[in-house]
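To keep things clear, I will list the structure first and then write my remarks on it.
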Amino acid sequence: MAKIETPRPIRGTQDIIGPDAEAFAHVVETFERVRKLYRFRRIEMPVFERTEVFARSIGETTDIVSKEMYSFEDRGGESLTLRPEFTAGIARAYLTDGWQQYAPLKVATHGPLFRYERPQKGRYRQFHQIDAEIIGAAEPQADVELLALGDQVLKELGIADVTIHLNTLGDAASRDAWRAALLDHFRAVKGDLSEESQERLEKNPLRILDSKDARDKVYVADAPKIDDFLSDEAGRFFADVTSGLDAAGVKWVRAPGLVRGLDYYRHTAFEFIPDEGSASANALGSQSTVLGGGRYDGLMDSLGGAPTPAVGWAAGIERLAMLVGEGHADLQPHVAVIPVGEDALTVAQSVLAEIRSYGIEAETSFRGNLKKRMQRANASGAAFAVILGSDELASGLATVRNLSNGEEYKTPIRTLDVDLHTLVAVHKFNRGSQPDPLADALEGTQVKMTKDGLVISLLGNAPLHSDDQ
RNA sequence: GCGAAUGUAGCUCAGUUGGUUAGAGCGCCGGUUUGUGGUACCGGAGGUCGCGGGUUCGGAUCCCGUCAUUCGCCCCA
């Protein structure tokens, strides 16, 4: 008998459930809320493009294109690539879909990206990012707005021990002059550099500034600084960005060694990096950047479009989720509906529908006797159980059990939705969860339960909703 | 592409210098309690010890290969 072997998941992909999945969703929901606050328009993008979209914009010769893209041929022989980033695809859409008409255009999106890399902590072959771009704006105010968005997203996620590391690469002329000076500087001491940096010297000299090797750091310290090569215009641009950030209350530090590898980057470059020794730094291991981006005024040209200024950033959802921690599941108390016996099943369904339509989270288990279902209700973390058995059907009074303290009482099945709404609000309030208008109204009062029914004595003299805040 | 560590129950792991029937905690199923969960007690199911080969009277344990996972290097749009 041949045993069927279960197919394994693809290397570097992940199946997420539980607290990690809740944290993931929390990151996306927070991003969605904040980007609306900043009036960034939501866009949806394909996950694959013609290979040339990425090859042209990123550069044919880089490791990225030659080794790290998921490329394949479709049935027509066309080379396609799973997107390794958002920016190139968005730039393509800007050119092919006539989005110039919206310029300056603020857009945001999120979703899966793919890179053929060796997986390690916080790095996967399929990973997910949130992304924001401003296209068609050459003004430093766009950089400020974009950075402020990123800063607020992190703050609202409760990630406080992260700082913006900010640098400028200048305009094209500044950047080229600086690069030439760096080459001279490092070539003079080539033999003393680490093996990796000797390689970088030919391929990507700016990257030497990032080196962690002690042998390189000696020479990095007195390497030429971009500031000495900035044109007046580029210097003014950077000054406008930093003063704008200060005015917006966004904290940043200057990071003269921070560079972006690709040629199309100009002016502003930044990474949000956990502070040394912080909880976030420890949580991320060697993968330290949580959000990164910059100005890419040179990108549209490489795709055959008119020169178009643009600035953007992206942040890994998995990495952010690692930093927000647990505790994002089950913030809302929920109710378990427990039918006992065949007759109660349909009543349970209509009760579920009613209390859900009232905005209360509710579920029922599909099988088991009362004991079994009570166990499941407890395991699911339900705040209340509603028991519907023959007694309850006969009397029209449901049994409501508070699962945190075991108190039990009867209440008319007809008005379960209203009664539960009150109970849930009180429960939330007692637990110190987010304030609810009803819970506010109930502050300092008590809800009385009697054998005959749920009596909310204060409902007669307190408003259900408070509009004065 | 390079380096290191780890693969034993659904999960997290123990398993001594190679020795008889491979264990624990949690989870799961059942019982003490036929309409009452969370605590407690009792019982039960569940394992080709990643896979293949070798050494040996005997391998979860030692050797070789292979696959996978993890962490790091390179790279990082």
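Labels below follow one simple rule: chain letters A, B, ... track the order of the sequence lines, proteins then strands, and each chain is numbered from 1. In this text the structure is predicted, and so the values were computed from the model without any measurement.
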Please measure how far the [atom1] atom in [N] lies from the corresponding atom in [M], and state the result in whole Å.
N     : M     : atom1 : answer
B/G59 : B/C49 : P     : 12 Å
B/G72 : B/G58 : C1'   : 40 Å
B/A14 : B/G3  : P     : 27 Å
B/U8  : B/G15 : C1'   : 9 Å
B/C29 : B/G52 : P     : 33 Å
B/C76 : B/C62 : C1'   : 42 Å
B/U39 : B/G23 : P     : 27 Å

Phosphate OP1/OP2 of [N]: any [X] side-chain N/O under 4.0 Å:
X        : N     : answer
A/Lys371 : B/G31 : no
A/Gln120 : B/C71 : no
A/Lys372 : B/U36 : no

With a 3.5 Å cut-off and just heavy-atom distances, do the side chain of [X] and the base of [N] make a donor-acceptor pair?
X        : N     : result
A/Arg123 : B/C75 : yes
A/Glu392 : B/G35 : yes
A/Asn378 : B/G38 : no
A/Glu408 : B/U36 : yes
A/Arg401 : B/G37 : yes

* Among B/G35, B/C76, B/U70, which nucleotide sits nearest the side chain of A/Asn369? -> B/G35

* To do: With sequence neighbours excluded, tell me which residues meet side chain to side chain donor-acceptor pair (under 3.5 Å) with A/Glu276.
  => none

* **A/Asp161 side chain vs A/Ser280 backbone, donor-acceptor pair below 3.5 Å** => yes

Side-chain donor-acceptor contact under 3.5 Å, [X] with [Y]:
X        : Y        : answer
A/Ser380 : A/His334 : yes
A/Arg42  : A/His110 : yes
A/Thr87  : A/Glu133 : yes
A/Asp419 : A/Thr422 : no

* Going by the angle between their ring planes, with limits at 30° and 60°, are A/Tyr116 and A/Tyr70 parallel, tilted or perpendicular? -> perpendicular

* Structure fact -> Per-residue pairing states of RNA chain B in dot-bracket (Watson-Crick or G-U under 3.5 Å; . unpaired, | other strand) read (((((((..((((.....[...)))).(((((.......))))).....(((((..]....))))))))))))....

